[in-house]
Structures are given as C-alpha cells and as structure tokens.
Amino acid sequence: MKNHYYVTTPIYYVNDKPHIGSAYTTIAADALARAHRLRGVPTFFLTGTDENSQKNLEAAEKAGATDLQTYLDFMAEIWKNTWRELGISYDDFIRTTEERHHKGVERFWRAVEKSGDIYKADYERDYCVGCEEFKTPSELMDGKCPLHPNRPLQKVKEENYFFRASAYKENLLQLFRDKPEFIQPVSRYNEIKSYVERAYEDFSISREAKKLACGIAVPGDESQRIYVWFDALINYMTAVGYGTDDELFKKWWPATLHLVGKDIIKFHCALWPAMIMSAAKSDALLQAADGSPLLPERVFAHGFFTIEGYKISKSLGNAVDPLELAKTFPFDAVRYFLLREIPFGEDGDFSLARLEDRYSSDLGNRLGNLVNRVIAMSAKYFDGKVPNVDAASASQAFADTEWTGASGLAALWQIIEDKIQAARLDHMLEAIWSAQGASLTTANKLVEQTQPFKLIKQDPEKTAAVLYALLEACRQFAWMVEPVMPHVAEGILIQLGQDAASERSKGLEVLKAWGGLKPGTELRPGTVLFPPLEKV
RNA sequence: CGCGGGAUAGAGCAGUUGGCAGCUCGCCAGGCCCAUAACCUGGAGGUCGCCGGUUCAAAUCCGGCUCCCGCAACCA
C-alpha cells in the first residue's frame with residue numbers, strides 16, 4: 001500500500017443547498033482525513049460539486065437565474081461556505097465545470113477510445129409528451145407514465161456512444177475475488193458481485209448535444225455530450241492533476257477511499273473500475289509498475305438515515321440544514337452524534353431527541369464532566385498546577401481498581417488504530433467511551449473508587465498520583481477524539497495547559513506515550529465544554 | 001423463484017472465528033458531594049421475529065416461513 005491517504009466524498013449536485021445527509025458523508029470523510037493527518041500520513045481530502053447535470057439547469061431556471069454559470073458559481077460558494085463553517089478540512093474542492101476537469105475527462109475519453117472500448121449504437125428511450133421528458137423504466141407504472149397514463153409513450157431512438165463495460169466483467173469479478181475489501185461493507189460486496197455476475201452490460205455514455213443543454217462535449221464530436229456519470233467519476237482523478245499535472249497525479253493516485261452513499265455504490269464499484277481498466281490500457285499514467293491498472297483501493301458505502309423516522313424529502317420539508325443545527329449545538333457535538341449514533345455502513349435515524357440525549361449524556365456528563373472535575377480538583381489541591389509526581393509510578397498506583405492506567409490506554413489506542421483502518425468511527429467512539437480497562441467510563445469510576453476529594457485530607461501524595469493519572473488520561477482522550485471533535489479536543493488541551501499546535505507537531509507516537517503532561521504545568525480550569533441545553 | 005438489508009429489555013442499538021445475552025436513555029432503590037442536578041453502586045424489565053436441523057453448546061451455522069424496508073441503467 002502506498003504511504004498516503006487520499007479520501008473523497010461524492011461530488012454533490014448543486015440544485016439545492018447542503019442538507020444533513022450530504023453533511024454526514026462529508027463529516028465522515030473529514031474525520032478520517034484528520035485522523036490520518038494526525039498520524040503523520042500525507043493526506044489529501046477531496047470534495048466538490050457535480051455541475052454538468054441537467055438537474056442543475058432545471059434548478060437554475062426555477063431560481064430565476066440569469067444564466068447557468070452564474071447560478072453554478074453562486075451555489076458552489078454556498079457549498080464551500082457551509083463546509084467551512086462546519087470545520088470541514090478539505091484540501092481541494094473540485095467543480096466539474098472547471099477547465100482542469102474538462103482536460104482530464106478529454107484525456108480519459110481518448111484513452112478509453114484508443115483501447116477500443118467506445119462504440120456507437122442506437123439507444124431507445126421512452127418519451128412522455130405530457131411531461132415533455134424522457135422516462136426511465138423505474139419511473140414507469142405498468143409501462144405508462146404515472147402522471148399521464150392515457151397518453152402513449154413515444155419510443156425515441158437516438159444514436160449514442162457506448163462504453164464496452166461488458167469486456168471487463170471477468171476482470172471485475174477477479175478484482176472482487178482478489179481484493180474483497182474493495183467494496184465495503186460486506187453486504188454491499190455481495191450486492192455488487194451478484195449484480196456484475198448476472199446483469200452487467202455496456203453503458204450508454206453520451207447524449208445528443210441538442211437535447212442536453214449542459215455537459216462536456218464528446219472529444220471529436222460536438223454533436224454529442226458526455227453522460228454526466230461518466231464525467232463525474234473522473235473528478236477523483238482530475239482533482240489531483242490527471243490531464244493537467246502528471247507529477248501531482250503520481251503523488252496522490254490511486255485514491256485510498258471513496259466514501260459514497262449506498263445509492264451510488266454501483267457506479268463506483270462496477271462502472272468506475274471498469275472505466276479505469278480500459279483507460280489504463282492506453283495511458284501509462286494509469287498503470288502500476290507491473291502494467292496493471294491503478295484502481296482505487298476501497299469504496300465504502302454508508303447508509304442513509306431518516307429524520308425523526310421519515311425519509312429526507314423536499315415535499316415533507318424535513319431536510320435539516322446543518323448550519324441551522326450548528327446554531328443550537330456546538331457543531332462538534334453534531335459531528336459526534338452522526339458518527340457515533342449511526343452504525344457506519346447501515347441506515348439510521350436522525351432525531352433531535354437522540355441528539356440531545358447524546359449531547360448531555362455522552363458529551364456533557366461523561367467527557368465534559370470528567371475533564372471538569374479532574375481539572376477543578378487538581379487546580380484546587382495543587383496550586384493550579386499539574387501535581388508534581390513521577391509519571392511512571394502514577395500509572396501503576398491503582399491495581400485494586402478497574403482502571404488499568406498506561407497499559408490500558410495503550411490497548412485503547414490499538415483499538416482506535418484498528419477502527420480507523422476499518423473506517424468504523426462509530427466503534428472507535430464507543431471504545432473511547434466504554435472500553436474495559438481505560439476509557440471515559442472507567443476514568444469516572446476511578447474518581448469514585450479513589451475519592452481524591454477525601455483522600456487529599458489523608459494522603460496528599462497518593463492524591464497527587466491519582467489526579468496526575470486522570471489529567472494525563474484526559475490529555476490522551478483529547479487526542480483520541482480530535483479527528484471527530486477538533487474544537488473540543490483543543491478546548492481540553494487548553495485547560496490542561498497544552499499548546500495544541502506545538503503538541504501536534506510532535507507526532508502521534510509521542511502524544512500517545514504516557515507522561516506527556518509535564519508536572520508543574522499551569523492548568524486553566526473553568527471553561528464548560530458542553531453547556532447544558534436550554535430547556536424549551 | 002429480480003437483488004439486497006433488517007427483525008435482540010419501554011425506546012434506540014452492540015453483539016463476523018458458535019461458549020453464562022450486553023450498551024445508552026428511561027424507570028426504581030441506595031451511595032457520594034470533586035464536578036455541567038453531573039458521578040458511582042444495585043435492581044426491575046428479553047420466548048434474541050416464527051418453525052425445524054447441525055452441535056456437548058446457536059442471537060451467532062444450515063433449511064423453511066412471516067412481517068417491515070431499500071434498490072431494480074441515467075436517480076448524491
């Protein structure tokens with residue numbers, strides 16, 4: 001595996017502002033990117049917008065925009081701003097109307113063409129005169145348009161370019177056998193594998209330009225435009241220089257992880273690798289040293305969630321605006337909630353009651369309260385400073401409790417590394433909160449079992465050891481949650497008298513080591529990390 | 001037989017090498033008082049959808065059934 005981490009989100013349609021669903025994907029990618037950066041892995045995090053879709057044109061007209069490009073520019077800014085406000089640390093934001101994308105798409109198309117995998121054929125579709133639009137088979141009821149059942153559908157034939165995907169059926173199945181981790185979770189693996197086995201056919205990859213007002217022209221044939229999915233997938237390459245900067249491309253490609261919603265897993269797992277296999281035949285830039293195609297390493301499909309039990313839908317008007325949510329909750333709390341509450345890869349439900357529940361219980365009562373009580377006691381009993389004790393002995397002073405000290409935290413770090421590798425941030429967070437040995441739960445128990453608030457009157461030396469252990473644990477907890485809650489982590493570190501930026505530069509291996517908190521460090525107690533919610 | 005997912009305590013969920021059924025919230029009782037009315041302990045509450053099979057042992061593997069839910073070529 002290459003020593004880099006290149007993670008992507010889907011590129012989003014800009015026919016509306018971001019809602020909580022697209023924020024979910026982007027937050028997950030952001031947390032994974034932050035986790036890898038913290039580990040010193042060269043990381044590239046890409047998101048962007050899909051601007052060559054007919055849908056955008058319709059949205060622009062509906063919004064009364066003077067022209068399409070103005071509308072696209074306006075919407076792209078809205079998306080960028082939303083991500084900025086939510087603390088999304090993307091390294092690049094690609095728009096598929098950009099010149100660099102067009103150049104890369106052209107190069108890719110030419111490569112596939114040179115490989116002999118593009119051909120022309122007639123393509124027949126159903127056209128409803130009532131709706132004045134083409135209908136897909138899935139939109140039909142009993143072979144008729146559900147809105148105009150008494151008007152017969154017209155069969156409209158059009159000559160399009162096709163991609164000879166079927167030629168790669170065996171290669172795909174081989175890929176699935178050799179690298180089962182390519183498609184995750186496993187439930188999706190089975191779905192895609194059986195789809196390719198039984199129903200894998202060539203894809204139509206262009207439309208007549210006169211019927212499609214937007215999109216990239218087919219190289220060498222101005223009368224046709226490239227079908228939006230064929231161009232969209234290539235964004236993962238054009239953003240890192242394919243078609244414009246070979247050196248940059250070599251640095252980042254292949255992608256480590258494509259994070260997608262379950263609805264578009266098919267395009268990413270069945271179409272995209274076949275496209276690359278074809279293009280790689282004729283473009284050495286897409287070949288590994290042994291000549292094999294450079295395919296993305298992994299595609300992970302997360303589930304969808306409902307809002308209070310209902311599907312996210314515009315007609316219901318229940319699409320939650322993440323920026324609105326950020327006015328009520330610290331956005332770190334929303335990030336925590338989404339990544340913790342919904343099993344990654346499965347469907348879930350977004351409910352305000354559950355969010356409040358997690359906020360006050362997990363964050364306020366366990367994490368926030370632990371930090372607060374431990375720092376308050378230390379400051380009170382030890383002159384506002386980290387107690388002056390030997391770190392090594394402080395880690396082993398509590399053999400009679402559940403708390404396992406330095407070795408327990410080391411074990412917890414190992415779980416965290418495994419979960420990050422598997423992209424299971426929900427499991428990672430669960431472990432930080434309730435793993436046996438060392439976790440937020442056992443740390444709170446340690447306070448009860450040792451009762452430093454009483455112990456201080458009898459045995460100040462042992463109290464110092466207890467509080468040092470708890471303070472040091474808080475420091476490590478801060479770095480554990482940092483990828484998911486960067487602001488919260490910094491808030492904890494500040495109270496512990498740490499400078500987050502200079503600490504970070506030491507590298508995670510140093511930060512993980514027991515004893516990073518120096519005795520005598522000035523504490524800064526007082527800040528409440530998770531203020532109680534106003535009762536409404 | 002189109003493909004696939006789910007069914008575990010009042011609610012929401014964990015539980016992928018088969019080994020005494022767990023977590024969070026809520027509820028009841030107690031402890032503590034450092035802390036954000038927070039923390040800790042104990043308790044009540046489950047035929048792990050139904051039927052059958054494999055096994056010393058199945059929520060976990062196999063077969064059948066019931067009920068929900070997605071997807072089914074142009075739709076993040």
Side-chain angles (χ1 to χ4, degrees), chain A residues 9-16 18-19 21-22 24-26 49-50 53-55 123 125 134-139 160 165 185-195 197-205 207 227-230 232 259-268 270-271 303-304 306 311 340-343 345-349 351 353-354 356-358 360-381 426-427 430 433-434 441 443-456 463 467 470 525 527-533:
Chain A
T9 72
I11 45 175
Y12 304 102
Y13 282 155
V14 290
N15 57 354
D16 203 353
H19 64 59
S22 28
Y24 175 57
T25 319
T26 311
T49 45
D50 186 355
S53 164
Q54 191 77 17
K55 277 179 181 272
Y123 183 53
R125 290 187 293 168
F134 290 101
K135 293 290 172 182
T136 68
S138 60
E139 288 171 332
N160 291 153
V186 253
S187 55
R188 299 297 158 199
Y189 175 88
N190 295 331
E191 182 180 336
I192 295 299
K193 187 161 159 279
S194 70
Y195 160 70
E197 277 168 351
R198 75 190 150 75
Y200 197 61
E201 292 171 6
D202 293 351
F203 287 79
S204 159
I205 54 169
R207 297 288 179 275
Y227 165 54
V228 65
W229 263 109
F230 194 84
L259 211 55
V260 300
K262 63 176 184 179
D263 55 333
I264 54 174
I265 185 88
K266 196 183 283 184
F267 293 105
H268 285 79
L271 173 59
F304 279 176
T306 48
K311 247 178 110 159
R340 172 69 185 86
E341 175 80 358
I342 298 157
E346 289 176 51
D347 292 346
D349 183 53
S351 123
R354 292 288 300 159
E356 288 168 8
D357 196 24
R358 290 271 184 202
S360 53
S361 174
D362 291 2
L363 297 177
N365 297 352
R366 287 196 201 292
L367 175 58
N369 186 50
L370 175 74
V371 169
N372 199 21
R373 70 200 299 208
V374 166
I375 291 179
M377 278 190 283
S378 302
K380 194 157 143 191
Y381 306 147
D426 51 334
H427 288 171
E430 187 184 14
W433 259 255
S434 44
T441 298
N444 270 316
K445 284 184 186 180
L446 181 65
V447 175
E448 300 305 319
Q449 287 164 335
T450 56
Q451 304 205 307
F453 41 87
K454 278 186 180 169
L455 196 62
I456 185 64
T463 308
L467 288 177
L470 287 163
T527 309
V528 171
L529 292 168
F530 303 99
L533 298 170

- Message: So does A:Ala165 get a backbone contact from the side chain of A:Asp202, meaning a donor-acceptor N/O pair under 3.5 Å?
- Response: yes
For [N] versus [M], give the span between their [atom1] atoms, rounded off to a whole number of Å.
N: B:rC40; M: B:rC56; atom1: P; result: 44 Å
N: B:rG2; M: B:rG64; atom1: P; result: 14 Å
N: B:rA29; M: B:rU36; atom1: C1'; result: 25 Å
N: B:rU17; M: B:rC61; atom1: C1'; result: 12 Å
N: B:rC48; M: B:rG22; atom1: P; result: 14 Å
N: B:rC13; M: B:rA59; atom1: C1'; result: 14 Å
N: B:rC28; M: B:rA38; atom1: P; result: 14 Å
N: B:rG49; M: B:rA21; atom1: P; result: 15 Å

Between [N] atom [atom2] and [X] atom [atom1], what is the distance in whole Å?
X: A:Leu467; N: B:rA35; atom1: CG; atom2: P; answer: 13 Å
X: A:Leu370; N: B:rC34; atom1: CG; atom2: C1'; answer: 11 Å
X: A:His427; N: B:rA14; atom1: NE2; atom2: P; answer: 8 Å
X: A:Ile11; N: B:rC75; atom1: CD1; atom2: P; answer: 15 Å
X: A:Leu367; N: B:rA35; atom1: CG; atom2: P; answer: 18 Å
X: A:Asp362; N: B:rC25; atom1: CG; atom2: C1'; answer: 10 Å
X: A:Phe267; N: B:rC71; atom1: CZ; atom2: P; answer: 13 Å
X: A:Glu430; N: B:rC23; atom1: CD; atom2: C1'; answer: 7 Å

What are the two closest heavy atoms between [X] and [Y], and how far apart are they?
X: A:Ala443; Y: A:Leu370; result: CB-CD2, 3.8 Å
X: A:Pro452; Y: A:Val447; result: CD-O, 3.4 Å
X: A:Thr25; Y: A:Leu259; result: O-CD2, 3.6 Å

Heavy-atom side-chain proximity of [X] to [Y] below 4.5 angstrom:
X: A:Leu363; Y: A:Arg358; result: no
X: A:Val260; Y: A:Phe267; result: no
X: A:Asn160; Y: A:Tyr227; result: no

For [X], what residues pass the side chain to side chain contact (heavy atoms under 4.5 Å, CB included) criterion, not counting sequence neighbours?
X: A:Lys445; result: A:Glu402, A:Thr441, A:Gln449
X: A:Asn365; result: none
X: A:Asn369; result: A:Arg373

- Item | A:Thr49 side, atom OG1; A:Asn15 side, atom CG - distance, nearest 0.5 Å | 11.5 Å
- Query: When rounded to the nearest 0.5 angstrom, what distance separates CD1 in A:Ile375 from CE in A:Met377?
  - Reply: 10.5 Å
Remember a base hit wins even if backbone is also touched, and classify [X] as base, sugar-phosphate or nothing at under 4.0 Å, heavy atoms.
X: A:Leu529; result: base
X: A:Phe530; result: base
X: A:Gly261; result: nothing
X: A:Asn372; result: base

Which atoms of nucleotides 10-12 of chain B (N or O only) lie under 3.5 Å from a protein N or O atom, and what are those distances?
none

- Message: Please compare A:Leu363 and A:Thr25 by the position of their nearest nucleotide in RNA chain B and report the one closer to 5'.
- Response: A:Leu363
- Item | Whichever of A:His268 and A:Lys380 has its nearest RNA chain B nucleotide further upstream toward 5' | A:Lys380
Between the protein and nucleotides 39-46 of chain B, which nitrogen or oxygen pairs are less than 3.5 angstrom apart?
unit_1 : atom_1 : unit_2   : atom_2 : d
B:rC39 : O2'    : A:Arg373 : NH1    : 3.0
B:rC39 : O2'    : A:Glu448 : OE2    : 2.8
B:rC39 : O2     : A:Glu448 : OE2    : 3.2
B:rU41 : OP1    : A:Lys445 : NZ     : 3.1

- Item | Listed nucleotide nearest any side-chain atom of A:Lys266, set B:rA35, B:rC32, B:rA72 | B:rA72
- Query: How does RNA chain B look in dot-bracket notation if pairs are Watson-Crick or G-U with both distances under 3.5 Å, crossing ones as [ ], other-strand ones as |?
  - Reply: .((((((..((((.....[..)))).(((((.......))))).....(((((..]....))))))))))).....
- Which word best sums up how the rings of A:His268 and A:Trp229 line up, parallel for under 30°, tilted for 30 to 60°, or perpendicular for over 60°? perpendicular
